[in-house]
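Shown next, in structure tokens, is the structure this report addresses.
No hydrogens, no waters, no symmetry mates; every other heavy atom, side chains included, goes into these values. A, B, ... follow the sequence lines: proteins, then strands. Residue 1 opens every chain.
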Amino acid sequence: MNLDKTYQANLYEKDIYELWIKNNAFRADPHSNKPHYSIAMPPPNETGTLHVGHALFLTLQDILIRYHKLKGYDTLWVPGTDHAALSTNTVIEKKLAEQGINKHQIGREKFIKITKEFVGNSRNTIIKQIKAMGSATDWSRLRYTLDDGLSRVVSEVFVKMYNDGLIYRGNRIVNWDPKLETNVSDDEVIYKPEKIKLYTFKFGPFEISTTRPETKFGDKYVVVNPKDKRYAKYKHLQTFEAEWLNGKVLATVIKDASVDPNFGTGAMTITPWHSLVDFELANKYSLDMEQIIGFDGKLLSIAKEFEGLDILKARPKIVKKLKDKGLLISVQDNYEHNIATNFRGGGIIEPQIRLQWFIDVNKKAINWKGQNNSFKEILQRVIREGDIKIIPKKFEKIYFNWIDNLKDWCLSRQIWWGHQLPVWYKDDKIYVGITPPKDEGGWKRDQDTLDTWFSSSLWTWSTLLDPKLLVDYKLTLDDIIAQSIDLKTYHPTNLLETGFDIIFFWVARMILATTYVVKEVPFREVFLHGLVKTEGGKKMSKSDPDTIIDPLSIIEEFGADALRLSLIQGLAPGQDAKVAKTKIITNRNFCNKLWNISRFIEDKLDFDRKPEIKSFADAWIIGNLNETLNNFQKALDNYQFSEAYQIVYHFLRDQFADWYVEVSKEEKNYPLLSYVYKQLLILTHPLAPFITEVLWQKSMKGKSQDLLVNQSYQKIIDYNKTNRHNFDTIIKIITEIRHIQKELNLSALSICSKSSLITRNSRVVERLAQVKLNNTASDNNQVKLTINGVSIGLFLAKDLVSNYLNKLKAKQQKQIQLINTLNKRLLNKSYLNNAPAHIVNETKQKLLSERVALKMTQDDIRLFSDF
RNA sequence: GGGUGAUUAGCUCAGUUGGCUAGAGCGUCUCGUUUACACCGAGAGGGUCGGGGGUUCGAGUCCCUCAUCACCCACCA
């Protein structure tokens with residue numbers, strides 16, 4: 001087959017992926033009688049490009065899918081993309097703004113049309129990039145959160161929840177982003193520390209502090225702590241007159257324990273319309289609420305002469321007015337304050353009261369396994385009762401902590417891109433349904449769209465519904481669920497694999513929605529990975545381009561396999577993954593090693609004859625292969641990706657390449673060599689699918705029509721344990737001879753030995769240890785030493801010996817120490833009584849063998865000394 | 001303020017119910033081109049597992065405590 005000297009990934013990867021697709025290698029078959037294994041891919045944002053975070057989850061999930069295929073499963077990995085409402089909307093608005101266009105100028109319909117065009121072009125990019133990673137996804141089942149079928153499901157679920165009383169409409173404080181003119185969920189708000197001025201004003205007999213004078217126009221309540229002695233003379237609900245921004249106001253004293261008497265003056269005024277805490281206080285005491293700031297971020301008419309001003313511009317002017325009135329007491333600079341911003345788009349959040357749609361998480365109206373529960377309770381039960389296992393376990397604590405503080409989920413967003421609410425209004429009537437009531441008409445649809453995560457929360461099962469059934473509106477959602485074969489076969493999915501950063505956004509909400517609609521959990525296990533960081537543990541940031549690992553350019557330069565291996569090397573569950581260029585080079589080299597093993601083997605491949613064990617080395621490599629396969633599977637069964645790779649790495653380099661391949665230059669057992677090579681490709685395939693398939697295709701030419709991707713683990717070959725052990729001894733002898741040569745700086749050493757272990761494997765020993773075996777020379781000028789019970793004579797000069805003698809003495813010291821330790825342990829009665837029998841046995845064995853080893857060392861020392 | 005992690009070789013990190021003399025990759029040093037591979041081979045050096053205490057026959061691993069560093073949640077006039 002004539003392979004190049006090095007593996008050039010970019011020459012092969014695209015063709016190999018095509019080959020897989022052409023052969024439907026990733027196509028799931030629900031009618032197969034194999035066991036089924038399924039994963040729903042976290043759908044990337046359709047307008048995104050592949051970043052290293054995507055690369056990580058694609059790698060992990062692909063490994064598991066391919067691994068299960070090899071284990072004989074029918075696998076399904078459902079790919080998809082997300083319409084990512086808010087971030088896409090932001091992108092489009094930004095693009096329009098660049099052309100000087102405001103979305104209101106073009107209207108909703110045109111805006112959606114523009115967005116669709118943009119998204120349509122973009123979606124293919126991310127799909128191509130997913131393929132470049134080698135992802136074994138079933139493209140015939142590609143889904144999109146905003147396609148017609150899924151959109152129908154989203155509406156159906158909303159209607160169902162509404163009819164069950166789990167969705168309600170209410171006035172609430174929301175996180176309003178005046179820039180994008182939408183509210184965002186609590187989870188989408190991020191706080192940035194900022195130093196601003198803290199003003200203290202006179203308010204009647206009180207002094208109150210504020211960072212936001214511009215919200216104070218409507219203030220007419222002073223809240224103090226009931227235990228605060230300074231204010232004991234004022235009664236709860238007592239009124240007083242105060243000079244304020246727009247003249248005199250009649251203010252009321254409120255006493256509430258939520259006020260911290262140690263903060264500032266211990267007295268504060270409240271602005272219920274623009275603060276959650278104040279809103280809750282106002283609700284508690286039925287206080288008036290008044291809007292001060294408009295949804296465009298500008299002051300309303302209550303601000304009189306400041307009406308229409310942007311709040312930040314108005315602030316100093318308002319302070320000046322209060323100062324002129326003699327109401328300003330003090331200004332504190334550099335007051336540390338957290339400013340709330342929208343993490344998509346970055347607008348500064350202004351709390352506002354608005355009518356919004358919410359999911360009630362506390363209403364007990366759901367039947368889960370025979371009990372009447374609230375969403376909150378079900379979310380707790382599924383973990384507690386073991387229906388879903390979270391790996392690593394530490395995230396269960398975080399999960400419970402979040403659920404304990406769970407608030408109603410605000411579903412409505414005021415952006416245009418997304419699933420429009422299936423809610424209709426006429427006069428003051430509200431109707432919730434997919435289509436408006438069929439009466440005289442005149443119903444108007446709610447303009448809001450749903451939170452992106454609402455559709456995402458249906459992902460595991462909505463993607464498995466039969467698209468043909470979804471267009472049949474005579475069927476109910478329950479009918480479709482009952483009749484969809486994929487859903488019946490692949491749901492609950494076996495695993496959800498995703499980043500820990502979206503455990504609340506997504507994982508919890510999938511559990512919420514799925515248990516409610518489908519009456520089963522969305523997945524059995526959740527495996528959470530961390531973020532991908534630089535080697536220094538820093539976030540990759542655009543401001544520091546050197547640290548950025550761009551998966552696409554890495555794939556181009558080093559290949560997807562090298563990238564995949566780098567991502568799992570050293571990865572610990574739930575911990576951040578660290579990647580750097582050096583790591584990628586190491587793993588590219590690993591691929592090249594495999595490549596060159598193939599170059600050596602290519603003309604020796606023999607699959608016609610039955611592989612048989614003949615030599616010690618044969619038994620040894622088969623024993624190691626079996627063990628490796630076993631350990632590899634155990635590691636992957638426990639999501640120990642890093643461990644699995646290390647096992648393969650060790651076998652491929654330290655055992656197969658360094659020893660067996662070298663040995664096979666002397667002892668030619670090509671059928672067995674071919675067998676092990678074949679197993680090696682199967683073993684490595686889930687981790688590095690491209691190169692292994694390339695080599696499989698080249699090696700199997702004419703011998704097999706099959707693709708590597710379609711193989712399964714084969715029956716292992718039995719071997720003789722003593723023979724395997726014998727080769728271990730040979731390795732130790734060769735290593736020791738190499739060591740002596742290095743230590744004594746020798747180049748052409750001759751040895752002699754009568755041991756059959758040596759004489760029967762003389763050519764192997766000669767080649768690998770770089771020595772000459774000479775059993776005819778006289779015993780003079782020999783240094784005898786014993787390695788693992790085998791007596792070896794070395795022909796070497798006297799004056800070289802002392803170096804090695806020191807080595808031996810150091811070795812002797814270590815051995816004595818160890819023997820003492822083991823002795824002490826075995827003399828300890830508590831140890832003998834408490835430690836498990838096999839551990840005690842091991843210690844005894846160890847002591848025995850160590851004593852033998854010590855004796856050999858001492859013999860060598862004596863011989864060398866005598867010499 | 002509440003929570004969760006991390007601290008192991010010069011660097012980056014593994015180490016899964018406590019049990020062989022604590023591992024890997026990179027880097028360092030020495031030697032080497034032998035019928036695949038310099039994207040290579042052979043060998044070496046390097047760690048009192050952050051400090052202190054405790055439980056245990058036995059602790060990198062469990063508990064307490066301190067220190068340092070991350071991250072998440074909440075959010076204050």
Side-chain angles (χ1 to χ4, degrees), chain A residues 3 5-7 186-187 191 198 200 208-212 223 258-260 263-271 275-278 337-338 340 392 394-395 397-398 401-402 405 500-501 503-504 530-531 534-538 558 562 566 569-580 582-583 585-602 634-635 638-640 642-643 645-646 649-650 657-658 661-662 665 735 738-739 741-743 745 747 767-770 814-815 817-818 821-822 825 828-836 838-840 842-843 845-846 850:
Chain A
L3 301 177
K5 212 167 171 185
T6 53
Y7 173 56
D186 293 342
D187 303 301
Y191 294 88
L198 177 70
T200 303
I208 55 119
S209 297
T210 183
T211 53
R212 305 198 55 195
V223 192
S258 67
V259 176
D260 177 5
F263 184 90
T265 60
M268 66 175 194
T269 60
I270 57 169
T271 312
S275 155
L276 176 62
V277 178
D278 296 1
H337 178 84
N338 277 332
K394 69 173 181 186
F395 287 112
K397 283 188 208 163
I398 296 171
N401 194 282
W402 182 76
N405 300 309
F500 69 67
D501 50 331
I503 182 169
F504 310 133
L531 304 171
T534 67
E535 273 207 319
K538 287 193 194 125
F558 300 100
S566 302
Q569 188 180 39
L571 181 79
Q575 295 296 105
D576 292 340
K578 315 270 165 63
V579 204
T582 52
K583 213 169 173 179
I585 291 171
T586 302
N587 292 305
R588 187 269 322 259
N589 293 352
F590 173 81
C591 292
N592 196 55
K593 188 75 185 174
L594 178 58
W595 182 258
N596 272 293
I597 288 172
S598 304
R599 285 184 70 214
F600 173 77
I601 293 180
E602 60 180 323
K634 220 191 289 169
N638 290 300
Y639 304 111
Q640 306 286 331
S642 173
E643 176 74 8
Y645 177 34
Q646 223 172 84
Y649 189 98
H650 176 65
D658 288 355
V661 168
E662 289 304 319
K665 289 173 183 172
T735 307
R738 283 172 179 169
H739 172 72
Q741 282 175 292
K742 285 280 171 196
E743 205 60 45
N745 203 10
S747 50
R767 171 184 275 275
L768 295 185
Q770 286 294 296
K814 266 194 176 165
Q815 286 171 327
Q817 250 171 31
L818 179 59
T821 309
L822 295 174
R825 197 176 295 167
N828 185 338
K829 270 191 193 134
S830 311
Y831 173 71
L832 295 175
N833 292 336
N834 291 316
H838 72 275
I839 297 288
V840 176
E842 268 175 38
T843 311
Q845 286 303 317
K846 189 77 210 160
E850 209 53 38

According to side chain to side chain donor-acceptor pair (under 3.5 Å), who are the partners of [X], at least two apart in sequence or on a separate chain?
| X | result |
| --- | --- |
| A/Gln640 | none |
| A/Thr265 | none |
| A/Lys665 | A/Glu662 |
| A/Thr269 | A/Lys216, A/Asp219 |

List in chain and number order the residues that pass ring-ring contact (aromatic ring centres under 6.0 Å, His included) with A/Tyr639, two or more places apart in sequence or in another chain; answer none if no residue qualifies.
A/Phe527

Across all chains, not counting sequence neighbours, the ring-ring contact (aromatic ring centres under 6.0 Å, His included) partners of A/Phe500 are A/Phe395

Nucleotide-resolved protein contact map, [range], B/S/- at heavy-atom distance under 4.0 Å:
| range | result |
| --- | --- |
| nucleotides 16-23 of chain B | B--BBB-- |
| nucleotides 37-43 of chain B | BSBSSBS |
| nucleotides 3-11 of chain B | -SSS----- |

Run the side chain to side chain contact (heavy atoms under 4.5 Å, CB included) test against A/Asp186 and tell me which residues pass, sequence neighbours left out.
A/Asn175, A/Lys407

With A/Thr200, which residues qualify under side chain to side chain contact (heavy atoms under 4.5 Å, CB included), at least two apart?
A/Glu207, A/Ser209, A/Ile329, A/Ser330

Taking B/U34 as the reference, what is the distance to B/C13 when you measure between their C1' atoms (whole Å, please)?
35 Å

Find the distance between CG (A/Asn405) and CZ (A/Phe504) and round it off to the nearest 0.5 Å.
9.5 Å

So that I know where these two stand, are A/Phe590 and A/Tyr645 an aromatic pair - ring centroids less than 6.0 Å apart?
yes

Given Watson-Crick or G-U pairs with both distances under 3.5 Å, what dot-bracket string fits RNA chain B, with | for other-strand pairs and [ ] for crossing?
(((((((..((((.....[...)))).(((((.......))))).....(((((..]....))))))))))))....

Report yes if a side-chain nitrogen or oxygen of A/Lys578 is closer than 4.0 Å to either non-bridging phosphate oxygen (OP1 or OP2) of B/U12; otherwise report no.
no

